[in-house]
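Step one of this worksheet: look at the structure below.
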Amino acid sequence: MELNYIKVGDYLLPNLTIEKQNNEKINKYGYLRLHYLKENNKPLYTTLLMKNELTNYLVSVSIEAENRLNFLMEQYKNSDKLLSEKNKINNQIEWAKLMNNYKNMAKEMILKELIYTENV
């Protein structure tokens, strides 16, 4: 890696540029992973930060978590007969209870498998 310098007044300042980052947004799972890395896996956090790969890593965690959540919710919807559209109209409160229960289960699985783990 070669550094170029720019003379500003009497000083030579390094001409540093930042490579283009991923345009995707970091969601709550990405920020949870970031906090976990800062607190519990400092070497990985520092390595990703120094290689300028932290943002891309967090975006990939965010995308993977969202995909996993959508996949799990579709599985739960297809496996439970009480989650049909007919039952949604007839018994809205029971339907909402089941959906919230399944969503919480999916979130717990994502947190355990993707966020709070030492695997990269």
Side-chain angles (χ1 to χ4, degrees):
M1 181 171 162
E2 182 179 329
L3 285 178
N4 297 322
Y5 293 90
I6 300 173
K7 187 167 186 171
V8 178
D10 292 335
Y11 301 102
L12 287 175
L13 299 176
N15 186 13
L16 300 175
T17 58
I18 297 176
E19 294 177 17
K20 182 151 176 68
Q21 296 289 330
N22 198 334
N23 288 337
E24 297 287 328
K25 299 287 183 190
I26 299 173
N27 64 10
K28 75 173 190 175
Y29 297 110
Y31 287 113
L32 286 171
R33 183 66 179 169
L34 174 64
H35 180 70
Y36 177 80
L37 290 177
K38 280 184 180 179
E39 297 295 320
N40 300 334
N41 198 344
K42 209 60 148 172
L44 177 60
Y45 170 74
T46 306
T47 303
L48 289 171
L49 192 61
M50 290 174 59
K51 290 182 177 180
N52 199 22
E53 295 175 357
L54 183 62
T55 304
N56 292 334
Y57 174 75
L58 295 175
V59 167
S60 69
V61 167
S62 299
I63 292 170
E64 188 176 347
E66 282 299 319
N67 291 341
R68 182 91 168 121
L69 178 66
N70 293 335
F71 175 76
L72 289 171
M73 289 304 294
E74 282 302 315
Q75 274 191 327
Y76 291 143
K77 284 180 192 177
N78 294 336
S79 68
D80 197 341
K81 305 293 185 224
L82 296 175
L83 291 177
S84 67
E85 289 298 318
K86 182 181 176 186
N87 198 22
K88 180 180 178 181
I89 295 169
N90 293 338
N91 197 352
Q92 293 177 355
I93 293 175
E94 188 65 29
W95 186 87
K97 284 181 188 178
L98 284 171
M99 285 299 287
N100 287 336
N101 186 36
Y102 287 141
K103 191 169 186 178
N104 288 335
M105 286 171 43
K107 286 180 179 180
E108 284 294 321
M109 289 175 68
I110 290 168
L111 291 176
K112 183 178 180 188
E113 294 172 1
L114 298 176
I115 308 304
Y116 302 124
T117 181
E118 292 295 323
N119 298 339
V120 178

Task: Neighbour count above 12 (heavy atom, 6.0 Å) for Leu13 CG - done: yes
Got a second to check how far [X]'s [atom1] is from [Y]'s [atom2], nearest 0.5 Å?
| X | Y | atom1 | atom2 | answer |
| --- | --- | --- | --- | --- |
| Gln92 | Asn87 | CD | CG | 10.5 Å |
| Met73 | Leu83 | CE | CG | 8.0 Å |
| Glu108 | Ile115 | CD | CD1 | 12.0 Å |
| Ser60 | Ile26 | OG | CD1 | 9.5 Å |
| Leu49 | Leu44 | CG | CG | 11.0 Å |
| Tyr57 | Leu34 | OH | CG | 10.0 Å |

Non-hydrogen atoms of [X] and [Y] that approach each other most closely:
| X | Y | value |
| --- | --- | --- |
| Arg68 | Ile110 | CG-CG1, 3.9 Å |
| Ala106 | Leu69 | CB-CD1, 3.6 Å |
| Leu54 | Tyr45 | CD2-CE1, 3.6 Å |

Open item on the list: Checking the side chain of Thr117 only, and the main-chain atoms of Leu114 only, is there a donor and an acceptor separated by less than 3.5 Å?
Closed with: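 Judged by distance alone, no pair lies under 3.5 Å.
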Task: Any donor-acceptor pair under 3.5 Å from Asn70 side chain to Glu66 backbone - done: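 Judged by distance alone, yes, a pair lies under 3.5 Å.
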Task: Residues forming a salt bridge (charged side-chain N to carboxylate O under 4.0 Å, His left out) with Lys77, sequence neighbours excluded - done: Glu74
Task: Qualifying ring-ring contact (aromatic ring centres under 6.0 Å, His included) pairs, either residue in residues 97-118, two or more places apart - done: Tyr36-Tyr116, Tyr76-Tyr102
Would you indicate whether the side-chain heavy atoms of [Y] and [X] approach each other to under 4.5 Å?
| X | Y | value |
| --- | --- | --- |
| Met99 | Lys88 | no |
| Met105 | Asn101 | yes |
| Leu58 | Tyr31 | no |
| Val61 | Leu32 | no |

Task: Verdict with reasoning, Leu111 to Tyr29, per side chain to side chain contact (heavy atoms under 4.5 Å, CB included) - done: CA-CA 8 Å; Leu111 291 176; Tyr29 297 110; 4.3 Å; yes
